[in-house]
Amino acid sequence: MKHVAIAALAAVLMGGVAHADTIKVGVVGPFSGPFALQGKNFKAGIDAYMALNGNTVGDDTIEVIYRDIPTADPAQSKALSQELVVKEGVQYLAGFYFTPDAMAATPLLEQANVPMVVMNAATSAIVTKSPYVVRTSFTTWQTSTPIAKVAFDGGTRKVISVVSDYGPGVDAEAAFKAGFEAAGGEIVEAIRMPLQTNDFSPIMQRIKDSGAEGVFAFLPSGPTTLGFVKAFNENGLKAGGVKFFAPGDLTQESDLPALGEAALGLTTTFHYAVSHDSAENKKFVEAAGKAIGNPAELSFPAVGAYDGMHVIYKMIEATGGAQDAAKAVEAVKGLSWESPRGPVTIDAESRHITQNIYLREVAKADDGTYYNKEVQTFEKQGDPGLAAAK
Amino acid sequence: MQTVFSIGVDALAYGMVLFVISIGLSVTMGLMRVVNLAHGAFAMIGGYIASYAARDLGLAYAVAVMLAVVGTILIAIPVERLLYHRIYGQPELTQVLMTIGITFCVIGIANYVFGPTLKTIPTPDSLREPVSLGFRTVSAHRLFVIACGTAVALGLWYFIERTAFGVKLRASVDNAAMAAALGVKTEVVYAVSFAVAVGLAAFGGVVGAELLPIEPYYALRYMVTFLVVVSVGGAGSIPGALAACLLLGAIDTTGRYLMPEFGEFFFYLAVIAIVWIFPRGLAGRAK
């Protein structure tokens, strides 16, 4: 069986070189299930890029093949990636919403001679798992570190950290703690809440009792953020002057209509706001909004996917359509371009994206909708998480 | 001391939310002996209708709640006639398979029609303001939910224990054949009870939406919580369900305040202990 698989793989590899007219890109992401909205954003970003830049590079036609993985499931991710490589003959793997899914597929890359472009998964370590991984999204460290500076510069000295008890939550806590303590602030308490929390009142009571001047929070985007932000207001913390700091996952654009007034004035740091004011972004929002159908559903995974496609197009350009993962990855190291989120560079050493991180405040637009208004820019932020892990 | 009161208020409010949402399931499982895993789906349908009525049509909150209850019952009638009708008295496995199938269908339809984003039900300003209790503030909505829970508990108790219909219902549950022989139209009794249970689900979905927001996976996400409440309380018992909700609410809230990193540990520890000591739940009846 193994021999057959290798033979098949070899045949596909040679086939890839011989028939360079159609280049397949395999995208793995959550296209159904509770996270389908994020998968939809992947697709919208990819469709937008191909609508604006055509579906050909040189003489080669690009074909995108989607594989659905509803929730984080490493074994399934590996199986789907393998199937994409062996049966579909894809030259590039992309997508990956959850860290475990991306991690599980990395061992395939070298043998299959396929680069992976991570369009979302945000744990720092993924890029170290294989030299063929390039990431165009962000890391939780990258987006959580600047808010610590914002908090300290704003005069807050004592902060309580409240995060969901899972990988990215723990990353966010560590990133904030490192940044805030380095600045000279104090973390009075660090609480990790279970992911399945529905009622946040007891947590709010804890925050109140801790005597902190501000709270740093991280929860995965979706239903729980709504309960958290509402509880923050209803238990009198907002009125009591407790400051609220969080990375932008908490106020992602697709959750804002539901959060509404409760979110007004919340400050977050993130790499992308749909409201970002640039010509590139206007073009992107128009194309991606059309691709997703309902523009209110557009949020950050779309821009990760859009830039991911840019990287893949550059890789195909560099290799002339031939399957050569090493050459492809080498070609995009240090690549800089103007993304909808602002100027970005693929860091030559880490293969992670260096980008601006923005401080945003939730504001009300003239038409009554809510949006993330960018108020401050932290230029050229790398990933502090990799340095911290060393 | 202030902290103890504060936790007490949170626990009461959370327990009442659990009660309002779960009591309909207790009725279907205890009185009609149907393991209705689609209970959350009906609660979610209620939530969507209320959200659509209040947010998109701009109707008043009270009207939205009424529309949600009536609308969900109207949707449930053909479902009951065509599907549930067949599984009364069937083995549990058949019931579980069919109702979970219905749940997945409802999730798919909700996702297609309303999209995957969160839906809120705008509450009137009077319910949105924080109310001061002297030692702390609590949202008016929480007090409203506590009142709703009390009203539902009393109303349902009266309906089942004190009305002629309640007598027929209990008779049909205990011995359907004998009840039918005595002239009780068991079909009608079942249909009405099912409608009441679905209506309660919808009502719970709407008033509980501040804590459990409406989105397509609502139907699955909170299913375990509903089932736990029913099994701890004893299926079919209103005082049992109320006691279970208050107890579990108190344990969960206290655990989250004192040791949040233990997560749901205390909640499920309590469930295991109670079910071990009272295998039929706090107020369950022997078969």
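Letters A, B, ... mirror the listed sequences (proteins, then strands); counts begin at 1. We use all heavy atoms of the structure for the numbers below, so side chains are in, but hydrogens, waters and symmetry mates are not. The model shown is predicted, which means the values in this text are computed figures rather than measured ones.
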If one checks every heavy atom of B:Ser6 against chain A at 4.5 Å, the contacting part turns out to be side chain
>> Counting only heavy atoms not in A:Glu261 (residues, nucleotides, ligands), do more than 12 fall under 6.0 Å from its CD?
In response: no
Going by heavy atoms in the side chains, are B:Arg221 and A:Pro34 under 4.5 Å from each other?
-> yes
Note: vs chain B, highest number of non-hydrogen pairs under 4.5 angstrom among A:Asn233, A:Asp209, A:Asp255 is A:Asp209
In this structure, OG1 of A:Thr71 is separated from OH of B:Tyr217 (nearest 0.5 Å) by 9.0 Å
Practice item. Take atom CG of A:Asp366 as the centre, draw a 6.0 Å sphere, and report whether it contains more than 12 heavy atoms from other residues, nucleotides or ligands. Key: no
Highest number of heavy-atom pairs under 4.5 Å with chain A among B:His141, B:Glu261, B:Glu210 belongs to B:Glu210
Applying a strict 4.5 Å limit to non-hydrogen atoms, the region of A:Leu226 in contact with chain B is side chain
Atom CZ of B:Phe262 with >12 non-hydrogen neighbours under 6.0 angstrom = no
dist A:Gln252:CD -> B:Thr117:OG1 (nearest 0.5 Å) comes out at 10.0 Å
Hey, are the side chains of A:Asn198 and B:Tyr14 touching, using non-hydrogen atoms and a 4.5 Å cut-off? yes
One should read off an interatomic distance between A:Lys230 NZ and B:Ser139 OG, to the nearest 0.5 angstrom, of 9.5 Å
**Request:** Might you confirm whether atom OH of B:Tyr52 has over 12 heavy atoms from other residues, nucleotides or ligands at distances under 6.0 Å?
**Result:** no
In terms of heavy-atom contacts, A:Glu297 and B:Pro116 come closest through OE2-CD, 3.6 Å
The interface call for B:Tyr222 against chain A, heavy-atom contacts under 4.5 Å, is side chain
Distance col, row A:Ser201:OG vs B:Leu211:CG, nearest 0.5 angstrom, shows 7.0 Å
Okay, A:Thr224 and chain B: the region with an atom under 4.5 Å from a heavy atom over there is neither
Distance col, row A:Leu259:CG vs B:Thr120:OG1, nearest 0.5 angstrom, shows 9.0 Å
If one checks every heavy atom of B:Ile214 against chain A at 4.5 Å, the contacting part turns out to be neither
Heavy-atom neighbours of A:Lys373 NZ exceed 12 at 6.0 Å:
no
Minimal heavy-atom distance between B:Leu118 and A:Ala258, with the atoms involved, is CB-CB, 3.7 Å
Review point. Where the side chain of B:Arg256 meets the backbone of A:Pro202, is there a donor-acceptor pair that is under 3.5 Å apart?
Key: no
Can you check whether B:Met259 reaches A:Ile191 side chain to side chain, under 4.5 Å on heavy atoms?
no
| said: Side chains of B:Pro260 and A:Arg206, heavy atoms from C-beta outward: is any pair under 4.5 Å? | reply: yes
